[in-house]
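Here is the structure we will look at.
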Amino acid sequence: MTAKPPPPPPTTSTLSHHHHHHHTLTSTTSLKLFTTTGKPSPIKSAGNSSASVTTTEATTIQRRNSSDESLLNLLRQRKTEDAWLLYTQSSHLPNPTCLSRLICQLSYQNTPSALTRAQSIVQRLRHERQLHRLDANSLGLLAVAAAKSGDTLYASSILKSMLRSGYLPHVKAWSAVVSRLAASGDDGPKEAVKLFRSVTRTIRRFPDPAMVVNSRPDTAAYNAVLNACANLGWTEKFRQLFDEMPESKCEPDILTYNVMIKLCARIERKDLLVFVLERILEKEIPLCMTTLQSLVASYVGFGDLEAAERIVQAMREGRKDLCKILRESSSDEIPNENENEVFEKLLPNVNYPSDYEPPLLTKVFHPNTRMYTTLMKGYMKSGRITDTVRMLEAMRTQGDSASRPDHVTYTTVVSALVNVGAMDKARQVLTEMIRAGVQPNRVTYNILLKGYCQQLQLDRARDALKEMADSGIEPDAVSYNTLIDGCILVDDSAGALVFFNEMRAKGIAPTKISYTTLMKAFSVSGQPKLANDVFDEMEKDPRVKVDLVAWNMLIEGYSRLGMLDPAKEMVERMKKKGVYPM
DNA sequence: TTAGGGTTAG
């Protein structure tokens, strides 16, 4: 947590430009600080500065030094709140140590307000071209805090600007951001892969290995980027990165293989799932429950409930020959040739002879709540509502504490009932869960909101929103997006706007779905001008990126009314921005 | 939150 001076920048030709630039800035800026006249000072270093300054300047320096000293004291005592107040009370820019420590402590608090404060310091420094005053440690922590709060755009922009300036973030910092990006929607996974590449490229440019020792990717970092590849279905990229792990002295671990299971599911290669399990056992990597969980989830995703049930049943019976059971459930679909080559490298065991005796689990695993809930989701998705409810009953009465229904289980049942329009029964389950001592959460209520909206019962939806607040559950963007969409269903664009404004008034950040849904409300009600206004707001909001859906909604608003000229104009504007219609 | 059971658009 201590503030360190910026790491020595790399010396390769590409980055040396930044290097010199960077250094010039550092020395001149410390001079500027000590200058009150605004004229360039002849002083060359802080060391001999006091000799050549005037008396007034010396007094100013003293005042500033003492202010920095009080700030540093507060920071040392971890009085972050007081430190922040002191910072805001003075127009003087604190020294690099204080600024970095303040950013570190604010980032470490992991609260929205602390993050906003840290960001405001960065914004000020950026504006005053003093960003280099912050060390790599504080910027890295800020990036992690931003990523954790869901602001992955901000987090990756901080990291990118660090890399541009020759700063190398700690592996824990940059990999945390890669991990968040990988799991976030939109372009997140692509950005994760890009970020991973920029970091490793920058690392390679440093001639001295000692300088990059804390920034090199570890297995966790690889797992994060592999997860991004899995989410994208980028098999070849996955293999490349997987292949370079040994060169980077990283061993694949159980998570790496769990991510591989996800990749197989994503690219619809059900036939490969069993080979991943066999490979894990063959490499004697300790198996964990989540691997089996991932397998069941994958089969459920494929709609192969029989295979999922077979695993669960085998586990209930305490069997260890899961591989054998899964081999029996493998279908004989013909896989893609190119993909096969890739997987022969990832999973050499796909080519083992057919009389190969698959390995046994080294330990017995029992199905838990999560696994049963996954199976339940399968029933829900295939419309087997009776089985969903029956499963809940079985879990309640079974008496096994590791598989008792929890809030997600009940929420799944609520969701299943909402999906078939059985709102009264969904309500009953909500009551039942509360009686059983399981508290519904925001997701449970969001599903209920969705149900009332779908039933065009907006008043009931509003009541549910109140009920939510009364139980101490704050609505989020999803709650409001659902309600805005509900207003569209009853042709109430004014109501949609009211919800949108209510959301912003509550400090809930609109997502791009909020913007596009509100645009849709105005578009379908024949108010393209208003849709246009929302679009402009969206462009101004740094938290969201205008995407193709937003452009389409904008264009559609005009086309719907036969206003082809403005529609064409929008298409041109869109092309100029580098977005192309599909 | 190094993955992982439940929710929102088009």
Side-chain angles (χ1 to χ4, degrees), chain A residues 144 147-150 152 171-172 175-185 192 217-228 230-231 250 252-263 265 288-298 300-301 367-378 380-381 388 403 405-416 418-419 440-451 453-454 475-486 488 510-521 523 547-553 556 582:
Chain A
V144 174
K148 277 188 183 169
S149 84
T152 46
V171 57
K172 291 291 167 225
S175 68
V177 177
V178 170
S179 157
R180 294 286 175 147
L181 280 170
S184 70
D218 53 13
T219 298
Y222 272 102
N223 287 343
V225 72
L226 289 171
N227 185 38
N231 287 334
C250 295
D253 61 9
I254 190 65
L255 263 75
T256 317
Y257 285 97
N258 288 352
V259 172
M260 200 185 284
I261 290 173
K262 193 156 119 180
L263 174 70
C288 64
M289 186 61 190
T290 51
T291 308
L292 301 174
Q293 170 64 39
S294 300
L295 284 172
V296 172
S298 298
V300 165
N368 57 17
T369 302
R370 219 171 242 206
M371 191 169 273
Y372 285 121
T373 306
T374 305
L375 202 51
M376 200 183 234
K377 177 191 171 186
M380 171 178 80
K381 280 196 153 178
T388 310
S403 59
D406 65 7
H407 61 118
V408 181
T409 317
Y410 280 105
T411 301
T412 307
V413 181
V414 171
S415 183
V418 159
N419 286 342
N441 65 8
R442 188 180 289 150
V443 178
T444 321
Y445 275 103
N446 283 347
I447 291 166
L448 212 59
L449 290 177
K450 181 182 88 167
C453 287
Q454 280 174 349
D476 65 357
V478 176
S479 326
Y480 278 100
N481 293 349
T482 306
L483 289 164
I484 293 169
D485 193 53
I488 298 176
T511 63
K512 63 180 192 174
I513 297 178
S514 322
Y515 283 107
T516 51
T517 310
L518 185 60
M519 283 176 73
K520 185 185 173 191
S523 165
D547 62 357
L548 192 63
V549 178
W551 281 106
N552 282 344
M553 208 64 84
E556 202 186 303
M582 304 243 267

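Letters go in sequence order (proteins before strands), and every chain restarts at 1. Just so it is clear, the structure is predicted and the values come from calculations on it, not from any experiment.
Here the C1' atom of nucleotide dT2(B) and the CD1 atom of I261(A) are 15 Å apart, to the nearest Å. Across the protein-nucleic acid pair, M371(A) atom CE and dG6(B) atom C1' stand 17 Å apart, rounded to whole Å. Rounded to whole Å, atom C1' of dT1(B) lies 13 Å from atom NZ of K172(A). Going from atom CG of L263(A) over to atom P of dA3(B) covers 15 Å, rounded to whole Å. The CG-P distance, from L255(A) to dT1(B), rounds to 11 Å in whole Å. As a whole-Å value, the separation of R180(A) CZ from dT2(B) C1' is 11 Å. Whole-Å rounding puts the D485(A) CG to dT8(B) P distance at 10 Å.
Spacing between dT1(B) and dG6(B) at atom P, rounded to whole Å, works out to 15 Å. As rounded to the nearest Å, dG5(B) and dA9(B) have C1' atoms that lie 24 Å from one another.
The ring-ring contact (aromatic ring centres under 6.0 Å, His included) check on Y410(A) picks up nothing, with sequence neighbours excluded. In terms of the side chain to side chain donor-acceptor pair (under 3.5 Å) criterion, residue partners of K172(A) (sequence neighbours excluded) are, by chain and number, D218(A). With sequence neighbours excluded, no residue forms a side chain to side chain donor-acceptor pair (under 3.5 Å) with K148(A). Scored by the side chain to side chain donor-acceptor pair (under 3.5 Å) test, N368(A) finds no partners at all (sequence neighbours excluded). Considering only residues two or more places apart in sequence or on other chains, T291(A) meets the side chain to side chain donor-acceptor pair (under 3.5 Å) condition with N258(A).
The shortest distance between the side-chain N/O atoms of S184(A) and the OP1/OP2 oxygens of dT1(B) is not below 4.0 Å. For the pair K450(A) and dT7(B), the criterion of a side-chain N or O lying under 4.0 Å from OP1 or OP2 is not met. Look at Q293(A) and you'll find a side-chain N or O under 4.0 angstrom from OP1 or OP2 of dG5(B). Contact between the side-chain N/O atoms of N481(A) and the OP1/OP2 oxygens of dA9(B) is not found at any separation under 4.0 Å.
In this model, a side-chain donor or acceptor of N441(A) finds a partner on the base of dG6(B) within 3.5 Å. No hydrogens or angles were tested; on distance alone, nothing pairs the side chain of N258(A) with the base of dG4(B) as donor and acceptor under 3.5 Å. No N or O donor and acceptor, one from the side chain of S294(A) and one from the base of dA3(B), sit under 3.5 Å apart.
N231(A) is listed as a side-chain neighbour of K262(A), based on a closest heavy-atom distance under 4.5 Å.
T291(A) comes within 4.0 angstrom of nothing in the nucleic acid, heavy atoms only. Nucleic acid contact for S479(A): none, since no nucleic acid atom lies under 4.0 Å from a heavy atom of the residue.
At a non-hydrogen distance threshold of 4.0 Å, I513(A), T516(A), T517(A) from residues 511-519 of chain A come into contact with DNA chain B.
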Query - Intermediate values then yes/no, side chain to side chain donor-acceptor pair (under 3.5 Å), T511(A) and S514(A) - result: CA-CA 5 Å; T511(A) 63; S514(A) 322; 3.2 Å; yes

